[in-house]
J.: 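Below you will find the structure I want to go over with you.
All values derive from a computational prediction rather than experimental measurement. To find a chain, count down the sequence lines: A is the first, B the second, and so on, and within it residues start at 1.
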Amino acid sequence: MEYNFSEIEPKWRKFWAENKTFKADNSSEKPKFYALDMFPYPSGAGLHVGHPLGYIASDIYTRFKRLQGFNVLHPMGYDSFGLPAEQYAIQTGQHPVITTEDNIARYRDQLDKVGFSFDWDREVRTSSPEYYKWTQWIFIQLFDCWYNNTSNKAERISGLVAEFESNGNTKVNACSDYNNTFSATEWKAFTEQEKEAILQEYRLAYLADSWVNWCPALGTVLANDEIVNGVSERGGHPVEQKLMRQWSMRIKAYAERLIQGLENVEWTDSIKDIQRNWIGKSIGASVRFPLWRGIEGEATPEHSIEVFTTRPDTIFGVSFMVLAPEHPLVEEITTVEYKDAVENYKKAASLKTERDRQSDVKNITGQFTGAYAIHPFTGDKVQIWIGDYVLASYGTGAVMAVPCGDQRDWDFAKHFNLEIKNIFADKDITEAAYTEKDAVIANSDFLNGLAAKVAMQKAIEAIETKEIGKGKTNYRLRDAVFSRQRYWGEPFPVYYKNGLPVMIETQHLPIILPEVENYLPTADGQPPLGNAKTWAWDTTKNDVVSTELIDNKTIFPLELNTMPGWAGSSWYFLRYMDAQNEAEFVSKKQADYWGQVDLYIGGSEHGTGHLLYSRFWTKFLFDQGFINFDEPFKKMINQGMILGRSSFVYRIKDTNKFITNSLKSNYDTIPLHVDISIVDNDKLDIEAFKKWRSDYANAEFICEEDGTYICGHEVEKMSKSKFNVQTPDELVEKFGADTLRMYEMFLGPLEQSKPWDTKGINGVHNFLRKLCRLFEGELIAGEPTKESLKTLHRTIKKIGDDLERFSFNTGVSNFMICVNELTDQKCNNKAILKEMVILLSSYAPHLCEELWVKLGNEAGTLSYAKFPTFDESILVEANFSYPVSFNGKVRFKVELPLAMNAQEVEKEVMSKEEAKKYLDGKDPKKVIVVPGRIVNVVL
RNA sequence: GCCCAGGUGGCGGAAUUGGUAGACGCGCUGGAUUCAAAAUCCAGUUCCUCUGGAGUGCGGGUUCGAUUCCCGCCCUGGGUACCA
């Protein structure tokens with residue numbers, strides 16, 4: 001049988017689509033399996049071979065699960081809100097809806113060519129109103145909830161209001177930035193305005209003035225995870241700190257649960273670590289240092305500086321304090337004498353961008369304020385400084401400086417010649433601070449002689465007894481800014497009444513993104529939605545109306561910001577379960593049936609963004625009883641990146657002459673990227689090169705001896721500008737989808753990054769052709785040979801094991817071994833080939849469908865066939881060829897029955913001629929026999 | 001700096017529990033077939049000073065036996081960072 005993939009493959013893809021072969025049932029007697037891929041952003045560039053890598057793996061796995069009798073959910077969709085479509089709109093005026101539609105069509109076309117078993121009836125697009133209706137709905141739920149630290153879950157805001165009305169806020173244990181207390185009477189006396197302002201401090205989605213990362217070049221704020229090395233992840237523009245009124249998400253409330261939850265998921269250690277580090281839990285104590293009032297002479301407890309420390313055991317080592325320049329107390333405490341110096345320092349610090357501050361770590365700066373605090377245990381006066389190594393946004397924005405135990409404090413003390421007390425027994429701190437937590441504490445009153453760990457506990461006890469602080473856990477995780485000054489995102493279902501945000505009732509959703517003439521910010525600096533003419537909420541008609549009608553009585557302005565990219569992607573896995581539901585975001589029934597995602601495959605670059613936010617929303621939806629699981633992704637695999645292999649030609653400087661790779665060192669050359677499509681196995685197609693660009697039409701070449709021009713190569717990220725992008729389409733065209741699927745798996749372990757190289761693709765293609773040759777002659781129905789049965793069952797075992805541990809590359813190898821063996825055996829037995837086809841069908845589904853029919857089976861039944869059962873008895877051997885080693889070096893082999901015990905094996909081996917040769921007349925000190933494994937003779 | 005992952009032939013990689021290092025594929029070499037080419041088939045392919053020896057980044061250790069376990073170091077990739 002000829003391997004005519006270009007005929008076979010489209011035929012079966014059409015068959016699957018027409019017969020809805022991969023439609024998932026919403027209820028079934030079978031066990032369920034939910035396999036999810038990270039849905040793509042449909043960019044204009046289309047897919048390159050790196051994109052489908054994870055999809056191929058999950059597709060192979062889900063096809064395997066179907067064969068094992070699972071009801072499989074394997075959906076796909078598009079994360080279709082985002083910046084590139086908007087920027088294209090700004091440049092060309094093309095509406096992002098159109099760009100997005102076009103890109104999705106291209107993606108779909110490319111995806112279809114690979115033969116995935118997606119259930120396309122469940123497709124979601126985050127930018128479609130039917131979808132973002134529910135994103136808006138979830139936002140409203142978050143707005144309507146607060147976090148109760150006592151019950152340790154999100155609760156409705158109405159319950160909080162009821163509590164305020166009966167008891168005020170004194171008994172409330174909430175995750176909140178609100179520090180004041182009020183009684184029930186006081187609460188009732190507040191105006192609506194005041195009440196809402198307080199409630200904002202409790203809501204999980206809240207409006208607040210907060211320091212945000214403002215990116216002037218992009219004209220929007222960015223979340224922490226959207227900034228890399230102090231510049232925007234997209235575009236690399238500078239980012240500055242700006243105080244802005246923005247929607248935020250109180251993800252901090254879930255910090256502890258986000259750490260704890262990692263214990264219950266099967267993710268790699270590395271991605272769990274990324275999340276733990278990002279959340280940044282640190283255990284320590286908060287301590288108040290009273291201010292020393294030189295003039296009044298005594299400290300007043302109301303005036304104190306609160307610090308957070310992870311080393312309360314080192315409290316006797318405190319010799320000064322440092323506040324962040326932005327700390328609110330700075331102005332109050334600074335003495336007249338130091339006023340100008342402090343002001344100057346503050347100004348200088350505020351002018352530094354985030355990036356400057358980061359790159360300037362070695363440059364130690366600070367300024368004494370003239371004020372002193374009183375050490376709560378020793379009563380000593382300690383100087384209060386400001387310094388920009390202390391961050392306003394972490395802890396309390398103030399530190400107790402312990403130079404002997406913290407390198408930054410040590411550096412600061414050295415630089416400004418401040419005291420460095422040594423409170424560690426037998427540790428030298430003359431050259432650097434001692435930062436390990438294993439020292440014995442000295443010079444520390446009641447902590448003397450204690451190990452750091454014990455001292456830590458004791459210090460916290462003392463701090464609590466003295467009522468100057470308490471044990472405390474801090475998290476680095478900040479609340480997530482949820483507003484973006486963009487057009488192409490979900491509009492907020494929010495209008496403003498007297499400056500207060502009001503949620504639109506959920507029955508009026510979705511609030512559809514308005515048309516604008518211009519996608520840029522407005523002249524007065526409003527976000528792009530400020531350009532919309534129809535963008536006001538009529539509370540009598542419950543409809544969006546013209547902004548001209550705004551009267552602030554019944555018609556109010558709508559929110560001009562849109563939601564960030566991660567809004568839609570934080571819950572899409574739930575929508576797939578019930579994608580067509582118009583009444584709910586997902587029905588309880590479907591959410592209960594499908595439950596957690598059993599297998600999630602995607603890149604690890606989402607470790608601090610998407611994977612954290614979607615866990616947060618899942619926990620929230622769980623708290624509110626909408627779903628019954630609080631971790632979205634049970635098992636996750638992070639596929640590695642496929643890197644490009646760029647080809648280079650070498651042009652002699654200032655000429656149009658090109659030198660082949662091996663001779664380039666003899667000349668002064670410039671390497672130039674050359675399109676990989678005109679290079680085959682590093683050999684340049686010279687004619688094609690001349691045609692590639694007009695300036696090369698007259699190029700001259702200095703070639704290898706055999707007249708070929710050999711290119712150099714380098715492994716780099718795939719990108720258009722490096723001419724090293726390989727699209728899957730070309731390869732499907734040339735070799736077929738089954739070859740592409742198997743080759744992408746054969747490249748190496750899924751999780752590893754690896755360079756793309758088409759050199760080896762022939763090997764995989766030849767394997768499929770070799771397989772076809774097995775089907776060329778007449779196929780026989782009778783008993784298979786013992787040999788073939790062995791081959792088959794060895795393969796069943798290996799393929800099954802490989803799939804279970806996601807080792808797809810060894811899976812491909814094992815198929816090759818199997819086909820090589822069956823070819824040697826000239827196997828034409830139907831029973832063997834049938835099982836073989838089922839095994840291979842998840843890797844190479846098109847060809848296997850074809851062979852399945854050739855074997856006399858009904859078309860389309862292969863996907864739901866039964867995965868072959870491994871029969872161990874077939875592989876049982878009577879003999880084993882023992883490798884015999886002397887001092888660990890294998891010298892010869894002896895074939896012996898496996899039934900033999902150790903003594904018999906030893907006797908047999910030692911009686912052999914070869915053994916005598918290697919013994920060389922000596923007596924062995926010891927002979928180790930591991931039955932069925934090895935014999936080792938120690939001389 | 002700290003945390004995580006990794007380092008094996010010319011190349012991609014295999015070795016699942018401490019037990020024959022280099023499976024499988026590419027590439028390369030030689031041969032068969034062919035007028036020729038493609039395709040296919042057969043044989044070989046870790047290195048060396050080759051009846052032997054060395055060898056899984058480097059140095060040590062544990063063990064009868066180490067790619068695998070332990071200690072120290074080097075390199076590559078990823079994450080993160082004045083986080084108190």
J.: When we call it a touch if two heavy atoms are under 4.0 Å apart, what does Val399(A) touch: a base, just sugar-phosphate, or nothing?
T.: base
J.: What's the gap between G65(B) and G18(B) when it is taken at their C1' atoms, as a whole Å value?
T.: 8 Å
J.: Go through C82(B), C41(B), C64(B) for me and flag the one nearest to the Ile928(A) side chain.
T.: C64(B)
J.: Whether Arg773(A) contacts A39(B) is assessed here as follows: a side-chain N or O lying under 4.0 Å from the phosphate OP1 or OP2. Is that the case?
T.: no
J.: Is a salt bridge present between Arg276(A) and Asp273(A), judged by a nitrogen-to-oxygen distance below 4.0 Å?
T.: yes
J.: Write down the distance separating the C1' atoms in U20(B) and C4(B), rounded off to the nearest Å.
T.: 34 Å
J.: Does the gap between the ring centers of Tyr743(A) and Trp756(A) come in under 6.0 Å?
T.: yes
J.: Measure from CD1 on Ile274(A) to C1' on A5(B) and round the result to the nearest Å.
T.: 10 Å
J.: With a non-hydrogen cut-off below 4.0 angstrom, is Ser813(A) in contact with a base, only sugar-phosphate, or nothing?
T.: base
J.: Side chain of Lys759(A), heavy atoms from C-beta onward: which of C26(B), C24(B), A54(B) has the nearest atom to it?
T.: C26(B)
J.: Is Asn820(A) near enough to A23(B) that one of its side-chain N or O atoms lies under 4.0 angstrom from OP1 or OP2?
T.: no
J.: With rounding to the closest Å, how many angstrom separate the C1' atoms on G22(B) and A54(B)?
T.: 15 Å
J.: Could Glu256(A) and Lys281(A) be called an ion pair, given the rule that one side-chain N must be under 4.0 Å from one carboxylate O?
T.: yes
J.: If you pin Lys926(A) and Asn762(A) to their nearest nucleotides in RNA chain B, which one's is more 5'?
T.: Asn762(A)
J.: Which of these passes side-chain hydrogen bond (donor to acceptor under 3.5 Å, both in side chains) with Asn814(A): Asn809(A), Asp801(A), Thr795(A), Asp802(A)?
T.: Asp802(A)
J.: Looking at U40(B), I'd like to know if its phosphate oxygens (OP1 or OP2) sit under 4.0 Å from a side-chain N or O belonging to Asn766(A).
T.: yes
J.: Relative to the 5' end of RNA chain B, which residue comes earlier, Arg476(A) or Lys798(A), by the nucleotide with the nearest heavy atom?
T.: Lys798(A)
J.: Mind checking if Val930(A) touches a base, just sugar-phosphate, or nothing, with heavy atoms under 4.0 Å?
T.: base
J.: Would you indicate what Pro755(A) reaches in the nucleic acid, counting non-hydrogen atoms under 4.0 angstrom: base, sugar-phosphate, or nothing?
T.: nothing
J.: Would you measure the distance from the P atom in A15(B) across to the matching atom in G30(B) and give it in whole Å?
T.: 33 Å
J.: Does a side-chain N or O from Arg408(A) land closer than 4.0 Å to OP1 or OP2 of G1(B), or not?
T.: no
J.: When syn is taken as a glycosidic angle within 90 degrees of 0, is G25(B) syn or anti?
T.: anti
J.: Within 45° of the ring axis of Trp267(A) and under 6.0 Å from its six-membered ring centre, is that where the NZ or CZ of Arg615(A) lies?
T.: yes
J.: For atom C1', what is the distance between A38(B) and C50(B), given to the nearest Å?
T.: 39 Å
J.: Give a yes/no on whether any side-chain N or O of Ser282(A) is located under 4.0 angstrom from OP1 or OP2 of A84(B).
T.: yes
J.: Is there a side-chain contact between Lys754(A) and the phosphate of G12(B), meaning an N or O under 4.0 Å from OP1 or OP2?
T.: no
J.: Ignoring hydrogens and angles, are the base of C4(B) and the side chain of Arg276(A) linked by a donor-acceptor pair under 3.5 Å?
T.: no
J.: For Lys281(A), report the nucleic acid contact type (base, sugar-phosphate, nothing); a contact means any heavy atom under 4.0 Å.
T.: nothing
J.: Mark yes or no for a side-chain to base donor-acceptor pair under 3.5 Å between Asn936(A) and C64(B), with no hydrogen or angle criteria applied.
T.: yes
J.: Taking Watson-Crick (N1-N3 plus N6-O4 or O6-N4) and G-U wobble (N1-O2, O6-N3), each under 3.5 Å, can you produce the dot-bracket string of RNA chain B? Use [ ] for crossing pairs and | for inter-strand ones.
T.: (((((((..(((......[....)))((((((.......))))))(((...)))..(((((..]....))))))))))))....
J.: NA contact type, Arg891(A), heavy-atom cut-off 4.0 Å: base, sugar-phosphate, or nothing?
T.: sugar-phosphate
J.: So which nucleotide from C41(B), A15(B), U20(B) ends up closest to the side chain of Lys893(A)?
T.: U20(B)
J.: Does a side-chain N or O from Gln407(A) land closer than 4.0 Å to OP1 or OP2 of C82(B), or not?
T.: no
J.: Suppose the criterion is ring pair (Phe, Tyr, Trp, His ring centres under 6.0 Å): which pairs have a residue in residues 790-814 of chain A, not counting sequence neighbours?
T.: Tyr61(A)-Phe806(A)
J.: What is the distance from CG of Asn809(A) to P of G12(B), rounded to the nearest Å?
T.: 14 Å
J.: Between C47(B) and A39(B), how far is it from one P atom to the other, in whole Å?
T.: 26 Å
J.: If the P atom of G10(B) is compared with that of U46(B), how far apart are they to the nearest Å?
T.: 10 Å
J.: Taking the P atom in each of G57(B) and G1(B), what is the distance between them to the nearest angstrom?
T.: 23 Å
